[in-house]
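Lettering follows sequence order; numbering is per chain, from 1.
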Amino acid sequence: MPGAHEATTVPASKAVNGNGKAKKSKPTVKAEADDDDDIPLAAATKPKRVAKKAKIEPESDEEVPKPKRKAAPRKSKVKEESDADHDSEEDGGPKKRKRSTKRAKKEESEDEVPDVPKKKRVKKEEDPEKEKIRLRKEKEKEERERKKAEKIKKEEEEAAAVFRWWEQDKKDNSQKWTTLEHQGVYFPPPYEPLPPNVKMIYDGKTVDLPPDSEEVMGFYAALLETEHAQDETFNSNFFADWLKVLGTHPPRNSIKIKAFDKCDFRPVFQYFEEEKAKKKALTTAEKKALKEERDKIEAPYAFCIIDGRKEKVGNFRIEPPGLFRGRGEHPRKGALKQRVRPEDITLNIGKDSAIPKPNMPGKWKAIQHDNTVTWLANWIENVNQSHKYVFLAAGSSLKGQSDMAKFEKARELKDYVDQIREDYTVELKSKVMAERQRATAMYFIDKLALRAGNEKGEDEADTVGCCSLRCEHVTLEPPNVIIFDFLGKDSIRYYNNPAVEGQVFKNVKIFKENKDEGDPVFDRVTTASLNKHLNNQMKGLTAKVFRTYNASITFQTLLDEQQEKLKNATFPEKMAIYNAANRQVAILCNHQRAAPKTHDQSMEKMRFKIKGLRYDRMKLRHQLVALDSKQYKKRFDKEDEEDEDSDIDDDWIEDYETQLEKVELEKAMKKFAKDNEKRAADGQEALPQEDLDTKLEGIKTHFAELAKERGTGKAKGRGDAEKVMTALQKLEEKIALQKSNMSEKDKGKEVALSTSKINYLDPRITVAWCKANDVDVRKMFSKTLMTKFPWAMEVEDDWKF
DNA sequence: TCAGAGACTTGGAAGAATCTTT
DNA sequence: AAAGATTCTTCCAAGTCTCTGA
């Protein structure tokens, strides 16, 4: 079963990963059709090693270090406008649709009207002052509720306005749109120089920088207390790029900046901190006003009109300039990411749409009208020459369609997977080395949910996936355990030690023979060849489909297995079951996160809370001893109980009770003061001081009693034995729940659930599960996920992946 | 045929918003 | 109401995989 092996998550920092760079020259294990290692492998192993050696030969010398560097930035080609003629076919469609959406909206808003006035229910009663307050409170409460309801209503309205593409017939997939209008992209505001009194210091002297070089300096200063500033590569890349800028924009007070060590950015950093604090200190209303203003400016860019429908654009804000924050050992981290200008940007827009004007001086690099792609704008970023795109938002029809198609493709695999597994199991013994390697790679992709593992360049972090695994990443531990230890995507460590099929173990042993640590395990497999093979087994099948398939099928299976437990479960219990399944998938996919900074602290808090509950339990037990010691003996094993509660000793109890007493006393006094305040406001006279005194006395006596009971193993019975028993029962449950919460939380501290939820778990599984178990989907999906998955919301409760 | 351009999905972290506690 | 904790959203880096042109 997939997921059988858990990837143990270990912080990447501790990774003992081979630091050797990939050796790019290909090793040349030659093993071909004539290879005899098809013969019973066990028997073949020995003689083969000899035979193998003979076969190692320099296959070709031109396999020497390939020029891995990416080509210099080249002019991106702009497609000719050639799609005009396709447009006419669908012409009627969009217009019709537009009309119907409009109608739908109107009906919605009419619906709403009758709801509004119901809220004023006035109660008439005795005391007018009291009444006033009650009214005010009620009003406030109603106001809150109304706002909540409004919010929900608005969300529902938005959902209703969504184009229900999943109810339409599927159309040709190569053409993504017919008409497309948009406002282009939003450029960040220009750089604002620092106030004249804020200056960096070089070699003890303040430096007067012109805006261009000051801006870059500021990028670095802002990161002074982050890990980045501790990183040598980051620092040297930054400094090199900054020096270039300084070359054309040198300090105005003729200081020569030469050594990074002599730079002191602290004053600038401190200024930024102050600004941050100021911003934070604004009142809620002020913050809200600022946000509204921002939203208003950005509003035109936030939507586009595609085939006559208004849809949300995703990342319409152009990335501001800054320092490139590559992950892991990225050789370019710290490099200056330049400001993007209109001249860098190609717009993709409908042929008949007005060309928008950039919100900063300049002209677009190019305009194209390619309706076979979904992007609205693109540019090439200067650090790695990678392409950046502006796409529609996740909730748009275009994204929704391909998302659904992804899951449908994964479901299709259900019908093929048995055959595929059978095939690769056979091929694990293939006499053709390439096939045997491919089968082994497929085994890993299928069983361990590894990524495909494309080749990477020298100017990227050294990370690998299945096909690019090197010998140093896999260690064999007889009889059949393989230890994987490598850095995967985002330089996240993958560490796992699954027991594998004997044949797989043997194969890896063979693949590693006569190779160096830095040589690829699968020298005969590339992602392209692997995917080509997969495509032959099932149309559209690629390595990544296995990840989706295995994630979703695992999730579905896990939930189904828990079905019995769900029958009478409370909501938190249901949620726990759901999250546990989610977490198993996240572990399968090795989705990690940095443990929250406050984790240890909140663990400690929970521990303390549980200890308090155990104290309560102890007290109840002691009561039971006093009330009915027979019952007690029947029900409890003193040994056990004392064992678990051995940390609750008299000293601790004393402390704890003192603390409790203090809290209770304060609470009583506060309540008294508050009550009186209220009475004063209502024009009533204050409660007499004796009231409070009696109350405080009561508390004190109670705790004095507790103090006396300390160490006696008995407590004054309050109520009858029966009642105490039920209370005990409840408390037991509560403690168990808290304990399990705590251990779940601890186990999950380094597991990220969100990635699988967003990308790998078919949302229909969740929707159906919620319906079947009477859970509001909104409890499981955040607002963004709700908007991302409108197409999943209508499945029946018995829908299965 | 294959390298690299191109387009799109997936990923963790930072920052913002919201909920909970004090 | 402020502070602290938790959850959600945004950001943009880093993958996958297809297409293209020499």
Tell me which of A:Ile318 and A:His599 sits closer to the 5' end of DNA chain C, going by the nucleotide each one is nearest to. A:His599
Okay, side chain of A:Asp231, backbone of A:Thr233: is any donor-acceptor separation there less than 3.5 Å? yes
Touch check for A:Lys745, heavy atoms < 4.0 angstrom, all strands: base, sugar-phosphate only, or nothing? sugar-phosphate
Please work out if A:Gly453 contacts a base, only the sugar-phosphate, or nothing of the nucleic acid, heavy-atom cut-off 4.0 Å. sugar-phosphate
Rounding to a whole Å, what distance do you find between A:Leu753:CG and C:dT7:P? 10 Å
Find the distance A:Lys287:NZ to C:dA1:P and express it as a whole number of Å. 13 Å
Picking from C:dC12, B:dG6, B:dG11, which would you name as closest to the side chain of A:Thr755? B:dG11
Does A:Thr542 put a side-chain nitrogen or oxygen below 4.0 Å from OP1 or OP2 of C:dC17? yes
Verify, without hydrogens or angle tests, whether A:Ser529 (side chain) and A:Val525 (backbone) share a donor-acceptor contact under 3.5 angstrom. no
Any side-chain donor paired with an acceptor under 3.5 Å for A:Thr346 and A:Gln368? no
Under 4.0 Å, counting only non-hydrogen atoms across every strand here, what does A:Arg451 touch: a base, just sugar-phosphate, or nothing? sugar-phosphate
Using a heavy-atom cut-off of under 4.0 Å over every strand shown, decide if A:Lys279 touches base, sugar-phosphate, or nothing. nothing
Here the distance between atom C1' of C:dA14 and atom CD of A:Glu319, to the nearest Å, is 13 Å
Would you kindly give the NZ-to-C1' distance between A:Lys597 and B:dG15, to the nearest whole Å? 10 Å
Determine: side-chain N/O of A:Lys337 to OP1/OP2 of C:dA13, distance under 4.0 Å, yes or no. yes
Could you check whether A:Ser754 gets within reach of a base, just the sugar-phosphate, or nothing at all, counting any heavy atom under 4.0 Å? nothing
How are the rings of A:Tyr301 and A:Phe316 set relative to one another: parallel (under 30°), tilted (30 to 60°) or perpendicular (over 60°)? parallel
Would you classify A:Asp490 as touching base, sugar-phosphate or nothing, given that sugar-phosphate means primed atoms plus P, OP1 and OP2, and contacts are heavy atoms under 4.0 Å? sugar-phosphate
Quickly work out the A:Tyr389 OH to C:dA14 C1' distance and round it to whole Å. 14 Å
When you measure from the side-chain N and O atoms of A:His387 to the phosphate of B:dA7, is any distance below 4.0 Å, counting only OP1 and OP2? no
Below 4.0 Å: OP1/OP2 of C:dC12 and any side-chain N or O of A:Arg325: no
Is the shortest side-chain N/O distance from A:Asn454 to OP1 or OP2 of C:dG15 below 4.0 Å? no
With sugar-phosphate meaning primed atoms plus P, OP1 and OP2, does A:Thr527 contact a base, only sugar-phosphate, or nothing at under 4.0 Å between heavy atoms? nothing
Report the residue (A:Lys291 or A:Thr548) whose heavy-atom-nearest nucleotide on DNA chain B is the more 5′ of the two. A:Thr548
Side-chain donor/acceptor of A:Lys406 to backbone N/O of A:Asn759, under 3.5 Å: yes
Does A:Lys388 place a side-chain N or O at less than 4.0 Å from the phosphate oxygens OP1/OP2 of C:dA13? yes
Between A:Ile758 and A:Ser602, which has a closest nucleotide on DNA chain C that is more 5'? A:Ser602
From the candidates B:dT10, C:dT9, B:dG12, the one with an atom nearest any side-chain atom of A:Ser782 is C:dT9
Just checking A:Gln601: base, sugar-phosphate only, or nothing, at a heavy-atom cut-off of under 4.0 Å? sugar-phosphate
Interatomic distance where CZ belongs to A:Phe608 and P belongs to C:dA5 [whole Å]: 16 Å
Can you check whether A:Lys456 has a side-chain N or O nearer than 4.0 Å to OP1 or OP2 of C:dG15? yes
Base, sugar-phosphate or nothing for A:Lys532? Non-hydrogen atoms, less than 4.0 Å. nothing
Would you say the base of B:dT10 and the side-chain of A:Lys489 have a donor-acceptor pair closer than 3.5 Å? yes
Check for a donor-acceptor pair, side chain of A:His182 on one end and backbone N or O of A:Asn348 on the other, with a separation under 3.5 Å. yes
Under 4.0 Å between a side-chain N or O of A:Lys544 and OP1 or OP2 of B:dT10? yes
Below 4.0 angstrom from OP1 or OP2 of C:dA14, is there any side-chain N or O of A:Ser386? no
Rounded off to whole Å, could you give me the CG-to-P distance for the A:Asn315 and B:dG11 pair? 18 Å
With a 4.0 Å cutoff (strictly under), does any side-chain N or O of A:Arg778 reach OP1 or OP2 of C:dC8? no
OP1 or OP2 of C:dC17 sitting under 4.0 Å from any side-chain N/O of A:Asn531? yes
Where the side chain of A:Asn579 meets the backbone of A:Ala576, is there a donor-acceptor pair that is under 3.5 Å apart? no
Would you say A:Asn378 reaches B:dA7's phosphate, i.e. side-chain N/O to OP1/OP2 under 4.0 Å? yes
With a cut-off of less than 4.0 Å, is there a side-chain N or O of A:Lys399 near OP1 or OP2 of B:dT9? yes
Here the distance between atom P of B:dG6 and atom CD of A:Gln385, to the nearest Å, is 12 Å
Tell me whether the OP1 or OP2 atom of C:dA13 has a side-chain N or O from A:His330 closer than 4.0 Å. no
Considering heavy-atom distances to DNA chain B, does A:Arg327 or A:Thr374 have its closest nucleotide positioned more toward the 5' end? A:Thr374
Over 60° means perpendicular and under 30° means parallel, so tell me whether A:Phe238 and A:Tyr220 are parallel, tilted or perpendicular. parallel
Classify A:Tyr760 by what it touches in the nucleic acid, base, sugar-phosphate, or nothing, heavy-atom distance under 4.0 Å. sugar-phosphate
So A:Ala594, base contact, sugar-phosphate only, or nothing? Heavy-atom distance under 4.0 Å. sugar-phosphate
